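Working notes for the structure below.
If you read the sequence from its start, that first residue is 1, and numbering goes on from there. Just so we're clear, the structure is a prediction, and the values are computed from it rather than from any experiment.
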Amino acid sequence: MDKILVSACLVGQNCRYKGDNCKNEKVAKLAEKFEFVPVCPEQLGGLSTPRNPAERVGEKVISSAGDDVTKEYKKGAEIALMLAKENDVKFCVLKAKSPSCGKGTIYDGTFSGSKVSGNGVTVELLEANGFVVYTEDDIDDMLI
């Protein structure tokens with residue numbers, strides 16, 4: 001069975017900044033066709049759960065408390081990339097709008113709920129290394 005890299009929060013692991021998850025039934029249904037390799041780049045990078053929310057500001061990732069957590073986000077992205085390579089994943093399904101896992105649209109760094117075009121740190125690294133990345137918002141075609 002082919003493997004896919006998935007955001008751990010999408011498969012029910014309590015790893016989001018608030019200490020909860022955002023289990024997604026569409027993503028869960030993919031387990032019928034693929035073996036999951038769940039990752040939380042934020043935790044892999046050394047951040048705690050719960051933690052202050054963070055958003056991208058240019059090339060940096062800044063927490064709502066004003067802390068620069070870019071180093072942790074980059075470390076988590078590198079570990080996620082290593083796991084994707086080691087497991088020869090077919091593609092990735094990551095959490096939309098996240099500063100780590102968002103693809104196409106992410107929060108703008110003002111903590112106001114506003115969004116901008118852009119990708120999360122992990123998505124950038126995975127795509128730069130040839131991996132195809134989707135979010136939970138665009139997987140409907142895979143369920144057919």
Side-chain angles (χ1 to χ4, degrees), residues 3-85 87 89-144:
K3 295 179 182 180
I4 61 173
L5 194 77
V6 296
S7 288
C9 61
L10 293 175
V11 294
Q13 293 185 22
N14 293 331
C15 57
R16 291 183 69 215
Y17 71 94
K18 296 188 282 187
D20 65 352
N21 67 72
C22 46
K23 187 173 181 179
N24 183 287
E25 293 308 319
K26 290 191 298 185
V27 174
K29 193 163 175 57
L30 290 174
E32 296 171 5
K33 297 180 179 182
F34 302 100
E35 181 181 336
F36 290 165
V37 178
V39 297
C40 175
E42 291 92 331
Q43 285 184 336
L44 292 172
L47 295 173
S48 64
T49 300
R51 58 190 167 273
N52 289 321
E55 295 184 3
R56 282 197 83 169
V57 180
E59 292 300 309
K60 293 185 179 255
V61 183
I62 307 296
S63 80
S64 61
D67 298 319
D68 184 342
V69 290
T70 307
K71 182 178 85 177
E72 290 85 353
Y73 272 69
K74 286 185 175 182
K75 178 180 177 186
E78 290 167 3
I79 295 170
L81 174 63
M82 179 191 70
L83 291 168
K85 287 179 176 179
N87 286 281
V89 300
K90 187 171 179 81
F91 58 90
C92 311
V93 179
L94 302 179
K95 178 67 186 116
K97 301 175 197 78
S98 157
S100 183
C101 298
K103 178 182 164 104
T105 303
I106 57 173
Y107 291 104
D108 72 354
T110 64
F111 299 94
S112 65
S114 297
K115 299 170 199 78
V116 294
S117 293
N119 291 326
V121 175
T122 299
V123 170
E124 281 184 354
L125 186 61
L126 288 167
E127 288 189 333
N129 282 272
F131 289 95
V132 176
V133 179
Y134 301 96
T135 72
E136 74 275 19
D137 295 337
D138 50 25
I139 62 169
D140 289 332
D141 293 341
M142 292 177 222
L143 300 174
I144 297 171

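- L125 and N129 make their closest contact through O-ND2, 2.9 Å (heavy atoms, listed as atom of the first residue, atom of the second, distance).
- Using a 4.5 Å cut-off on side-chain heavy atoms (C-beta onward), L30 and F36 make contact.
- Distance NZ/K95 to SG/C15: 11.5 Å, rounded to 0.5 Å.
- Closest of all the heavy-atom pairs between L44 and K75 is O-CE, 4.2 Å.
- With values rounded to the nearest 0.5 angstrom, I139 atom CD1 is found 8.0 Å from F91 atom CZ.
- To the nearest 0.5 Å, atom CG of residue N119 and atom CG of residue L126 are 10.5 Å apart.
- For the atom pair D138 CG and K103 NZ, the distance stands at 7.5 Å (nearest 0.5 Å).
- For residues 3-14, every residue pair satisfying the side chain to side chain donor-acceptor pair (under 3.5 Å) rule, not counting sequence neighbours, is listed here: K3-N87, N14-N21.
- The CZ atom of R51 lies 11.0 Å from the OG atom of S63; values are rounded to the nearest 0.5 Å.
- A pairwise comparison of heavy atoms in F131 and L81 identifies CE1-CD1, 3.7 Å as the closest pair.
- In this structure, NZ in K97 is found 6.5 Å from CD in E136, a value given to the nearest 0.5 Å.
- Partners of T105 by side-chain contact (heavy atoms from CB on, under 4.5 Å), not counting sequence neighbours, listed by chain and number: K115.
- A80 and T122 get closest at one heavy-atom pair: CB-CG2, 4.0 Å.
- Using modelled atom types, one side-chain atom of E55 and one backbone atom of F111 make a donor-acceptor pair closer than 3.5 Å.
- For G102 against V123, the heavy-atom pair with the smallest separation is O-CG2, 3.3 Å.
- Checked by atom type and distance alone, the side chain of T70 pairs as donor or acceptor with a backbone atom of V61 at under 3.5 Å.
- Between the D67 side chain and the V69 main chain, no donor and acceptor come within less than 3.5 Å of each other.
- Across all their heavy atoms, V37 and V89 have their closest contact at CG2-CG1, 4.2 Å.
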Does L47 form a side-chain contact (heavy atoms from CB on, under 4.5 Å) with Y73? I'd like the steps, not just the answer.
CA-CA 9 Å; L47 295 173; Y73 272 69; 3.5 Å; yes
Determine whether T135 and L94 satisfy the following criterion, side-chain contact (heavy atoms from CB on, under 4.5 Å), listing intermediate values before the conclusion.
CA-CA 5 Å; T135 72; L94 302 179; 5.6 Å; no
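- For the residue pair S100 / S98, no side-chain donor-acceptor distance below 3.5 Å is found, with atom types taken as modelled.
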